[in-house]
Every structure is written in structure tokens, then in C-alpha cells.
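What follows is one structure encoded as C-alpha cells, with my remarks underneath.
Keep in mind that this is a model prediction, so the values were computed, not measured. Order of the sequence lines sets the chain letters (A, B, ...), proteins ahead of strands, with each chain counted from 1.
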Amino acid sequence: MKYNPADIEVKWQKIWEDKKLFKVDKDESKEKFYCLEMFPYPSGKIHMGHVRNYAIGDVISRYKFMKGLNVLHPMGWDAFGLPAENAAIENSTHPAVWTKQNISYMKQQLKKLGLSYDWDREIATCDPEYYRWEQKVFIEMWEKGLIYKKKSHLNWCDDCNTVLANEQVEEGACWRCGHEVQIKELDGWYLKITQYADELLDFTEKLTGWHTKVLTMQSNWIGKSYGASISFKIKDIDDSIEVFTTRPDTVFGATFMSVAPEHPIVSKLLENTEFQKEGQAFVDSILKEDKVNRMDDEKEKRGFFTGRYVVNPVTGEDMPVYIANFVLMDYGTGAVMAVPAHDQRDFEFAAKYGCELKIVIQPGEELTLDSMEEAYTGAGKLVNSGQFNGMDNEPAKKAIVDWLDEKKLGKSTINYRLRDWQISRQRYWGAPIPFISCAKCGSVPVPADQLPVELPDVDFNPNMRGNPLDKVPEFKNTVCPKCGGAANRETDTMDTFMESSWYFLRYTSPKCDTAPFDKSEADYWMNVDQYIGGIEHAILHLLYSRFYTKVLRDLGYVSIDEPFNRLLTQGMVCKETYKCPEHGWLFPEEAEGGKCSKCSSDVVIGRVEKMSKSKRNVVDPNKLIKEYGADTARLFILFASPPERELEWSDSGVEGSFRFLNRVWRLIQNNINLFSEELPAPVDDEISKEILFHTNVTVKKVTDDIERYQLNTAVAAMMEFVNNLYAIEQKMGEGHKALFKDAIFSLMKLIAPFTPHAAEELYEMAGFEGLISRSEWPDFDEKLTQKDEITIAVQVNGKLRGQIDIPRNLEKEAVFEAALAIENVIKHTEGMNMVKQIYVPNKLVNFVVK
RNA sequence: GCCGAAGUGGUGGAAUUGGUAGACACGACGGACUCAAAAUCCGUUGCUGGAUAACGGCGUGCGGGUUCGAUUCCCGCCUUCGGCACCA
């Protein structure tokens, strides 16, 4: 029978579904394994990035099933988000309708891939039965003091009357209408993630299953630094400016001050002065700059003198106050004491604006103002620093802070780069923030019996402007639960990262209707043993999930500190982007031949970047599945590259995976009778040894490779095994058939997690009862994976000059003797002095000669 | 720009702890089978000198270094990708 994936894939998918094969329940008697892939945003269709992610997860899940573990492998939908809203406005369809359609299409696509999900646990975050718990927890967090409101600066389009995401800003203009983007100050809700900063930094012990690169990224993101906050009195105004500095040892060298343009003090500084108008214009010009650009160290420093001075608390000298583009309101206090001699940015700024430089740290040799070409940021002894002169700068940090503390001018402070999490979104398609704003009582939580606060129905159309919820009076107008007076319901919704911060807990009891999740279920299933998802989520999603888990712990919902034991960060599947000057981003199929399929304009080929619906550089797996079947698609993407490496998509080579699967199929088909025949006992000869060797080596290699995520080399090992088995098939006799049968039986099982449909079919044809998905993973014998006779390399001065076959573990002296007898080695050592003889057991010999 | 990665034949990649660079595939070329094609099977395939040999030289982004020995460790660069807080 020919290998026909179209028939067998449908057949086995149906059998698995009918038998509810992947449905799991808590079973205390069994060891559990929770395997989770990051759930997708239902953008429309799945693409190769999803296929890669879910294929990896499926191999691991199916492997663990076969290892006898009770495997939880759920799937669901990160269903709230901006694209649904954009599509709604564009096509006059409700986001819920669009999302539902996408979910149903994508679910069908996932099913076609034969993934081992327990679909009974499916969740969609836009379901009120999901987000109601988020609202409940939100109120509890507020009651615990973990939430507050604050103003922040956001991208704003006056024309669309809406906040813009950074990705909606194109060269300073609104992507939809082209109107110039402004910065607007808006009120928002904040979660106090900074309160957990130290615990989030504590990776030791609990996150040993995470790659250090992710931990490093998170650690840098949190950016803990030790320093001091120092208060500077403003001249002629009864106010002061507080700065954070990591270099209190240089405070005597502070000669001016720079403040962020967003700093609230700015208006006070400028008020009723001759600088007011020009200063405000300067602030406006900076706020228009690209945020990423403003962080650019190389970017030209720009400043504006406010006409005001602050007093240096240690020297008593006046310091002019500037507004500067490179000072960020988000970090520290939004104001910095500028020490131009010892900070490079301040140095450049001072050079441009003619500010005074003062050396206060001297390294060994004499530093002079005239010879300085850049700031000196290294260590040294204090000079020009009053009673601290002569001290080494490190101990001086503490001494100066202590002194300032005594005078009530400053104190030792720890600062984090991490900012509190702003969760307010001026959007429709998200979970409503369960609060009511009352003129008399302030922010009042929606009473528990009124939860969930559901989204009202809204008619979407292309002419829509602003936040939809704000325009629904029956939603917005309400009464204050506290005083009964007229009040406004909060019309912002929550950041969608809120939903993805706890969905893994909901999966443990997705239908629980009395709490976010059943604690006993969570206690059994958590933690997630293996989490798999794109490296793009290394910081935000993974940090928020860690934070949220700790909050839930502190609210008594869970007993765990961390949600994810082992983390596999998958490399991005990338593809070049295509853009039509007329129609914007194009799908690859719309850009064929370099011409836009809509208008025949020349297509601009953009850079290679991660596949995403917004850039349209996506490749749908449908064609591949139709042509070769899901098994080949899965096998191919796993074989193409190791999971953690990024992959530029190309389907060239998919033929090879299909060919391999056909070879497996034919090899087993040709020998299918071995499974029903009475076979003679194996003979003890070289061929038998060979079969045993290859079988055991392959089982070991594939097992090890799955454990260390190297799925591409696991596939290569199986290919090698098949090549070897074909060679053996040619020369084997009756006495080898029993071992050969064992070999192809192992092959069938090894390949089952990768190409489960083909494996099930072969298993059935071989006459086995039940399913290979539920059979046992093969074992191997370490002794049989080693050869007695091995080949080692012989080098002279590190260059390969020959090889010798020796018995394993031959004595060193005997190896040297054999190596020295090689003709080519004699040629390269003749007449030379032997300096050294190196032997790496069972690997190589190196003769060092002169 | 900052933080984190990656760079190896024509292509995807392998080399698990510093020990024979290029496993396994794709592609290409040559051949077998076939009336022919598809499928399948066999062989060659890093570059280069040499004779298609023996035997050499070069070669893992670039430039240095450590070492008997470096794709692997160190220093300095280049390019590409991910993240940079309202895309998810």
C-alpha cells in the first residue's frame, strides 16, 4: 500500500477525537506533565511560526505521553486585541464576530496538524466567563494597594481622536489618516510591578530550567541600581527638584541640571518668565521625537536653558537648569544632576551649551580640564570635594550619602529601570476595567454581584473615531455603588497582557464557575513543566506572567511562586516583507513577480522579519499540508533548524522530508510480515551486532535529543537509521529477522511523536492492538551503543596526518606505537624532535615536533 | 542607540565538555531502470594545487590573542534578527 497521507491523517484524527485520547484528568497516582505552547492571537490564519511552535510542543507532549506521564496539553485563544478592532472599523464587522470566525478557522487548521490537545479545555479570553475573574482579581489587587491611577504621556491622533500604539505611528504620523501624532497626557491605571522587582530578580533555584539569556534580559530590564536621591532647592521658587544618581561621589562636580521635557516642574520653572513661550515650543518639539530615537546615545544632545537655577546642596553654588532631550521621565525622577567631567552625555551637553566643568575624581595621573576629550567615568580619588578630598570614590559614595542624609538633603536609594505596568487601553476589544468614577467618592469598584462588566454591543464602521465605549451612554452612565449618585463607568479596557498572565492557570480547571480556577486542580497541575514560545516574549509576557502569579499567590489563589519550570524560547520564523506604494503591506502571494497583484506597481522588498499578520509576511501551511500531509509539514519544520534558532522560511527541501517518510513507510511495509511470522532465534554474528548497535544508538540519540530540544538532530538520527536499515535489509538472512523486526518496531515508535498519523497506521498494519500514541517509548542498552573497534585521528602539530583503527580503551603506549607506524606520520616527523605526545582517549593522538 | 542572540559549502544545518569541520538533508552533476516520463535506486559534490591518483595548501562573518590543538575561550569590529513598555 502506497503512503497516502490525505486518507490516513483524517482517519487517525477522527479516531483520536472519538476516543478523547488527549483528554486528561487529575490523577494523583500518576506523575503529571504540563506542556504548554503560547496560545495564539486569532489573527485569521495560522502561519509557519505557529506550526513550528506547536510541532515542538506536540513532539514533547507525545513523547511524555509515551513515557507514561499524565500529560496536560491545552490550547486556547488570546482573543482580545487591537487587530480585531482595526478589522471591525475597516469592514464594519463586530470584533466578536471577526474573532469567532478566526478562531473557528484556525482551530480547524490546528486539528489538521494532528496536535495532541485536550480541546475540552479550550478557552478564549474574550469570553465573559474568562475575564470576569480578571475583573474580580483586579478589584482585589486594588483593595490590597497594588493598583493606582496616574497620568502618562501617550501617542495621540487628534483626527482619529484616539491613542495610537507605537506600531500605529509611522514616521511621526497616524497610520490611518496621516495626521501628525501628538503627545497627550492621559490618566491610566497602574499595577505595582515594581513592588515585586526584587522577587522577580531572584531567579536562583526556581528558574534553573530557563536559558540564561532570558534571565539576563529580564534582569537588565528590571535594571536594579544602587545610588542616592538628592534634593536641589530651586532659586526664587519655593520648591525643589529631586534627582536620582548612581554617582553621589561626584555631587561636588555637578554644575548644572537637566530635566525631562515631560517633567511636571517644567511649567512651574517657565511660568511668567521671558523663557516661557520658547521653552514650551522646545518641549513640544522634543515630545514629537520618536521615543526609540530619544534613547539614542549617539543622537545630538539638545537643551533649553529655563532661566532658572538650583543650588548645589554641597557646594552652595548655582546650577543652571536645562530642559534636555536625553533625559527620560520614565527613569529615576526625570531629572539629573549633570556632572560633565564624569558623565559622557553631560560632557557632550556641556561642550555644546558652554557649561562649566569641574573635575572631582582624579585617577592616578593628573586629569586636566584643558586636555579632556571625553568624560572620565572611572575610579579615582576625590578632589575639589571639601572634607571628602583624598577619599577613594567608592567609599566616598557612602560617606557623602550619609552626610547628605544627616543634613536631610538626600538619602541612599535603590532605583529600578522597570516601571509600573500601565494597563489602561483606550480600546473597545478588551476586558472592561471594573471601576466607576464618582465625583464625590472617587474611583469605586464595581460590586462583586455586578461582575462581569460585559462589553456593550457597538456598531462598527469606517467612520468611527475615538474610544467606542465612551460613546455608549447606557454603558458609561451609571450610579455610584457607594453614594447612589450619578457616576461614570470606566470606559478604558485592560491591556491584553493581563489575560495572558494567568491563562495557564485557567486551563487547569477551565469551566470553574466559582473562582478563576480550582485551587486543588492548580495545585496538582502547576507548574507548567515545559513552556514553549517565541523569544519575542522573553521580557514582557514572561515577566508579567511571573508577576501576576506572585500576586495570585499573595491573594491566596495559588501556592506557587513561579509559573514555568522549563522554558524553551523558539527562534522567530522570518520572511521578507513586501510593500506596495499604493496598497501598503502585501501578502507574499500578492507580490509574486515583483508586482502588486492589485495595481501592478513595483513591490518594495523590505527587510526579513518575524512573520506577523500586521506586516502580512506570513506563509500559511495549508498548501504544504495539502500537497504532502501534516506529518511531512511537521517533520520538515522540525528538521529545518534547531528550535531556538531563528529560521528564514523557505519550503525548499520539504521534498526530502516527504521522501524520508516514504522510505520509512516502504521499509516497514516491505517487512510487515515479520510482525506476524514465527521468527528463528537471532544468530550471533556481525550483522546482528550491527542491527543492535544501530538500534540502540538511535534510540539513545533520539531520546537524548528530545530531552535537550534538539529535534532537528533527532530527525537526522532517524534518517541515518533508516539508511542503515536499508543497507542491512540487502544482506540479512533468516537469523537476523527477529532483530530487524525489533529495529523497525523501534523506528515506528521513535517517529511517532513527529509523524503520529503515519506511525499509527503502520502500527495498525503490523497487527498491534490499540494506539502507538499510547504505547511505551523504547529503551536502549548503553553497552550496545559502544563499538569495540574505533577509529581515532592522528595529528602532527595539530594537523590531521592519518587515522588508525584500535580496540576501545587501548593503552596509551600501544596507541602511540601504532600511530607512529603510519607512513604519512613518519614522513612528517622524520628528522624532527618529538616535543610532546598527546593522547585523548578513544579520540585522537597529537605529536608535537620541532 | 541600549539589552539579548545569530553568522559554518550553492542552500538548511551537524560537531553535546577545547580534540578528525561539513553528520543529516536540499540543490546540482553523472549513471541504472523505463519506449518515454514520474517514482525509485547507485555514485560524485567546501575551495584550490596535483593527473579525476598519492599527497598538499586554504577554509566556520572580519582583525588580533591564548593553546599541542579554537566553529567552541578572550579582546576589538562588521552584518542580520528579537525586544525597547498601547502589536501580540
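Remark: K836(A) is in phosphate contact with C68(B), judged by side-chain N or O atoms under 4.0 Å from OP1 or OP2. Contact between the side-chain N/O atoms of N712(A) and the OP1/OP2 oxygens of A14(B) is found at a separation under 4.0 Å.
Checked by distance alone, R607(A) brings no side-chain donor or acceptor within 3.5 Å of a matching partner on the base of C81(B).
Remark: R663(A) is positioned above the aromatic ring of Y726(A), its terminal NZ or CZ atom under 6.0 angstrom from the ring centre and at most 45 degrees off the axis.
The partner of C58(B) is G46(B), by the rule that a Watson-Crick or G-U pair needs both atom distances under 3.5 Å. Applying the Watson-Crick and G-U wobble criteria (two distances, each under 3.5 Å), U16(B) pairs with nothing in any strand. Summarising the base pairing, G1(B) is matched to C84(B) through a Watson-Crick or G-U wobble pair whose two defining distances lie under 3.5 Å.
When the P atom is compared between C81(B) and U8(B), the two are found 15 Å apart, to the nearest whole Å. G13(B) and C24(B): their C1' atoms are spaced 8 Å apart (whole Å).
Applying the 90° cutoff around 0 to the glycosidic angle, G9(B) is assigned syn.
For the residue pair N53(A)/E37(A), the side-chain donor-acceptor check at 3.5 Å is not satisfied.
Salt bridge status for K787(A) with E789(A): absent, with no side-chain N to carboxylate O gap under 4.0 Å.
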